[in-house]
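When a residue number appears, it is its place in the shown sequence, counting from 1. Numbering of ligands and ligand atoms starts at 1, following listing order.
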Amino acid sequence: MTKSRDPGPSRGQLDVGDLRCEGLLSPRLVETRSPRFSWRMRSSARGALQQAYQLRIREVKTRAGGSSTFLETPRIERPDSQWVQIEGLNVSPQSRYEWQVRLWDEQGRDSGWSEPATFETGLQGREWRGEWISDGRKVAVGDAPPARYFRGRFAAKGSPRRGTLYLSAFGVVEPWLNGKRVTEDCFIPGWPDYRKRVFYVSYDVSTLIQDGDNVLGLVLGEGWYSSTLLFDHQYGPTPMVSAWLELVDAGATPRIVKTDTTWEWSGGPIRANGLYYGETFDARWKNPLSPAAGAQFGGWQPVTVERKPDGAIDARHSPPVRVVEERLPVEVRATDRGSQVFDMGQNMVGWVRLKVQADAGEVVTLRFAEMLEPDGALHLANLRSAEATARYIARGEGIETWEPAFTFFGFRYVEVSGVGHLRPDAMVGVVVHTDLPRIGEFECSNPLLNRLYANTLWGQKGNFLELPTDCPQRDERLGWTGDAQVFCHTALYNMEAGAFYRQWLAAVRDSFEDGPDGGFGGVAPFTGFGRGAAGWSDAGVIVPWITWLHTGDRALLSENFEYVERWVRLMQESAPDGIRISKGAWGDWLAPGFPPEAAPTPYQLIATAYYAHSTLIAARMAGVLGFADRAARHRALFETIRAAFQAAYIDEDGRITSDEQTAYLLALAFDLVSPALRSKMAGHLVGAIRRKANHLATGFIGTPLLAPVLSAEGQTELAYEVLQQTTYPGWLYSVVNGATTIWERWDSWTPEGGFNPAGMNSFNHYAYGAVVGWMYDTIAGIRLDPHHPGWQRFEIAPEPGGGLTFARASFISPYGRILSEWETVADRFELTLQIPANSSAVVTLPTDDPATIEEANDHFDLKTAVLSDRAPGGRVRLALNAGVYGFLVRTGRERSRGGPAGRADAEIR
Ligand code: BGC
C-alpha cells in the first residue's frame, strides 16, 4: 500500500456532467411531456455528496434559432441526481430544448452551471404526415429481391434554417438527401413487433438542404419485415416506407415535404438482399440517388401508395445500430480451390469492407464462417439454410470499395473467390452492433478467465444487434427470451443497456397473449415458437426487474407491471395446486451429455420454480410501485407455490427427487427451500458437483445460477474450481480450444470429435457467458444493493480465491466510476476502491478482525466506518462514502479462511 493513493484532505474539483434526459444522451424523440433528468456529480473529495441542485431549461426556437428560458427551478434541497422529475414541466411536441444543471456539495460549494445538453421531443401524438409507398411488388417467402430506391423532389427557397426528417418503414432504410447519406445509423428504423407497431426515427437534415432543387432519397431493404426468418416466417411481402420533412425556409412558415404519389422508384446496384441471404451488389449500376446517375436501365417509375398501417407508429428510443469498430485480418491463406481465406482473428458480427480491382462484370464472392474444417475450408454446416453470402459485381473502373447495407454476418473467416488473389489490406472487418456505451471492465491474474470475459463481451456485441438475440449467424438471429433473461445482469455491467432493454420489452409485451397456451413469447418480437415456456416466458418479469435494479428507471416497472401480473394470473389459472406444467418448454436446454430437450431436471420442477420466482418478483414490483395489497397477495401466492414445491420435490433430508445440479440450484436461488433444510440442500448440491469431478452438469437454466448460488452458500472456492476447469464440460473448455466467443454448446467442437454433428451449433451464443456477472459481483465484488436500485448505494464485497492473485473490475454506474481492485501479496490483501460522488457503499473485507485493517489516508476513522453487523463468516463490514480508498488487510496464515458463507442475493437473481 502506498500513501500516494491518498487524495488528502483538500476538497479537489467540483463539477457536474454526463447529462441525460430519459436516460439517454441528447435524445431526439422524447415522447413524454415531463421527461426525467439525470446527471453526475464529479468530485474526487471523500464524502462528496449533493446537497441541492437547480435546473434550467431553454427552448431553442426553431424559426429564429434563438432560445428563451422555458423553466428555471429554485434551488432544491435534495440529493437526487437520477431520473429527476421537474414539477410543472410540460414540454411541447417537435421542439428542441437545451438544459443545464448546477449543484451544491455537502459543504455548500457551488459547481456552477454544467455544459448545456439538448433533448428534442417527438410527435407526442401528433399526426404522421407521410403516405406509405412501395414499388407494388410482393416478395415471395424465401426470395431475396433487389432493394428499392425511392426519390421525391422539392424546392427550397433562400437559405433554409431547418429541416427535420421523420422516417418510418416496414423494412430497413438508408435515407439520402441530395446525393449524400443522411446518417451512418444502420438498419433503421429497427425491428418492432410489426403485427402491432412500427418505429419512426428523426434526423436533423438542415445542413444537407440546398437552395433550389432538392432530392430526398430512400433506399429500402427487406430487413426483418420481408426477409424470410426462421421456419418461413415473413411479416409481410411488401416492404413500405413513409417519410416527411418538416422544412422551414428563411422567413416562411413550416412546410411539409412527404412521400406521396409524386414519388418515383427505381432499381439500383443492390440486386438482392436478405438478412440470412446476404447481399448482391452490381456496381455497374450507379446509385440512382446520386445526382450523377441519370436514368438507367428501367428508369424511374411511379410508386404505389399503400394503405395506412393499422398499428401504432412509435418513436424508437434505443440507440441505433452503427459501425462501432474495425479490424484488420490477422492472416490470409490461399486455398487449393483458387480462393483465399481471410482470418479476422476474432469471431465477430457485421461485414467486411472490400477493396478490389476487377474487370467490369466480374463477380467477387464472399462467404462467411465462424470456423474452419480440418482441411481449411469454411465450416458452413452450422449456418443451416442461411446463405450468408455477399456478391460484388465489379464496375471495372480502377479500385472499387464496397460494403453491404442490409445484411450482416457472424464470422471469423471470409472466403473470397472469383477474383485473383487480393492483398491482405483488401479487406477490413466492420463490427456492427447497437451503439451502447461500454461501461464495464474486468481483469484478473488468470489469463484464461480474461479470455472468457473477452469472449462474453464479443458475444454481447454480436448479439446486441438491434435487440438481444440468441445468435448472429445461422437462420435464426431471433430475440429468444430465455437467453436474454439469463444474460441481462451481465450485459448491464458491460454496457449501458437500460434503454436497449426498455425498447425490447415493448416487443416482449407485444408477444404476450392470454389463454391456456398463452404467456410471453419464446421469441420477441414474436415470430412463432410458442408462448409460456418456463424460463423463457419469465423474461417478461425478470428482464424489467433486473434492468430496474441496475438503472433505477421506474418506467421499467410501471410499463411492464400489468403484463407481469397477467402472466402470474395465467400461471395460477393453469396450476391451481401450485405445481406448474409448462407445455412446449425446453427444460434445462443443452445440459451436457443429453439431447437438447432431454436434460435430467424435470420440466415440471423447472416450471414450478420459475412460477414461484416470477410471482415473488411480482410481489417486489408491486411493493416498489406502492401497491401494498397486491404485493401481499403475490407474496401469499409465492408461499403457496413454495409449499407445493417442497411437498412435491424436497425430502426431509433436503434432497430433491432428481438429485442433480440444476434442481438444487433452482430451489436455492429462488428461495424454495425451508431455512432448516437449506444447508443440507447446499450439501447435496456440492455432492452433485463432486460426483461430476467438480464440473458443471447444467444447461441454459442451471448454468447462470451455479456460481452465484455456490457463493451464497459459502462455497465460493468450489465456484472458482468449477469455473476454472479446462476440461469438458466447463467454461474454459472452449477457451483452451481456441474460442473467441461463447459457444452454444459445451461441446460445440471437441479435439476428438470435431464439430458437434447437430445442425444447431452456434459459436456465438452468449447464454453461458452469464457467469461474467458473478466475476463482477463476486470476484471483484461490485454488487447491487437491491434496496437502493441504480447504484445509489451498493456493496463492494470481493471474495478472493481460486488461486487468483489479483482481480480488478471497474464499472461506470449512473453515479460515476466504481472500482474494486485487489491483490494478495503473501499475507496481505490490498484493496483499492472508488466510490463515486453522491453514492455510498458497504464494503466487506476478508477478515473478521478490524485490527488487521489499515487505510491509506491518515485521517480515515476506521472505528466510525465499521458496522456492528458482520457479514457471514464474521467478515468486517464498513460503511463508506464517496472517495478513493486503499485498504490493507493483514490476513496472516491463521486468518485465511474458505469463502465466507451466505449472502442475501436472491433479490438480484
Ligand atoms: C436458440 C436458443 C433458444 C432455444 C430455445 C434455439 O434454437 O438458438 O438459444 O433459447 O432455441 O430452446
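- Under a 4.0 Å criterion applied to the non-hydrogen atoms of E744, ligand 1 contributes the atoms 8 (O).
- Shown in contact with D470 at under 4.0 Å from a heavy atom are these atoms of ligand 1, numbered in order with element: 1 (C), 8 (O), 9 (O).
- By the 6.0 Å and 45° rule, R412 does not stack over the aromatic ring of F763.
- Sparse packing is recorded around NZ of K692, with 12 or fewer heavy atoms of other residues, nucleotides or ligands lying under 6.0 Å away.
- In summary, of the residues considered (T407, L366, V323), a side-chain contact (heavy atoms from CB on, under 4.5 Å) with W351 occurs for V323 alone.
- Shortest contact from atom 12 (O) of ligand 1 to any protein heavy atom: W586 CG, 3.0 Å.
- Each of the following atoms of ligand 1 lies closer than 4.0 Å to a heavy atom of H765: 1 (C), 2 (C), 8 (O), 9 (O).
- For atom 9 (O) of ligand 1, the nearest protein heavy atom (residue, atom name, distance) is D483 OD2, 2.5 Å.
- With D747 as the partner, the side-chain contact (heavy atoms from CB on, under 4.5 Å) test is satisfied by one option alone out of N761, N756, L590: N756.
- Shown in contact with F700 at under 4.0 Å from a heavy atom are these atoms of ligand 1, numbered in order with element: 9 (O).
- In terms of protein heavy atoms, atom 11 (O) of ligand 1 is closest to W480 CZ2, 3.6 Å.
- A ring-centre distance under 6.0 Å is found for W480 and F529.
- Using a 4.0 Å heavy-atom cutoff, F529 is absent from the residues neighbouring ligand 1.
- D510 and Y194 share no side-chain donor-acceptor pair at under 3.5 Å.
- For R474, every heavy-atom contact with ligand 1 shorter than 4.0 Å involves the side chain, none the backbone.
- Taking atom 6 (C) of ligand 1 as the reference point, the nearest protein heavy-atom neighbour is E476 OE2, 3.4 Å.
- One finds the OG1 atom of T615 at 5.0 Å from the CE atom of M571 (value rounded to the nearest 0.5 Å).
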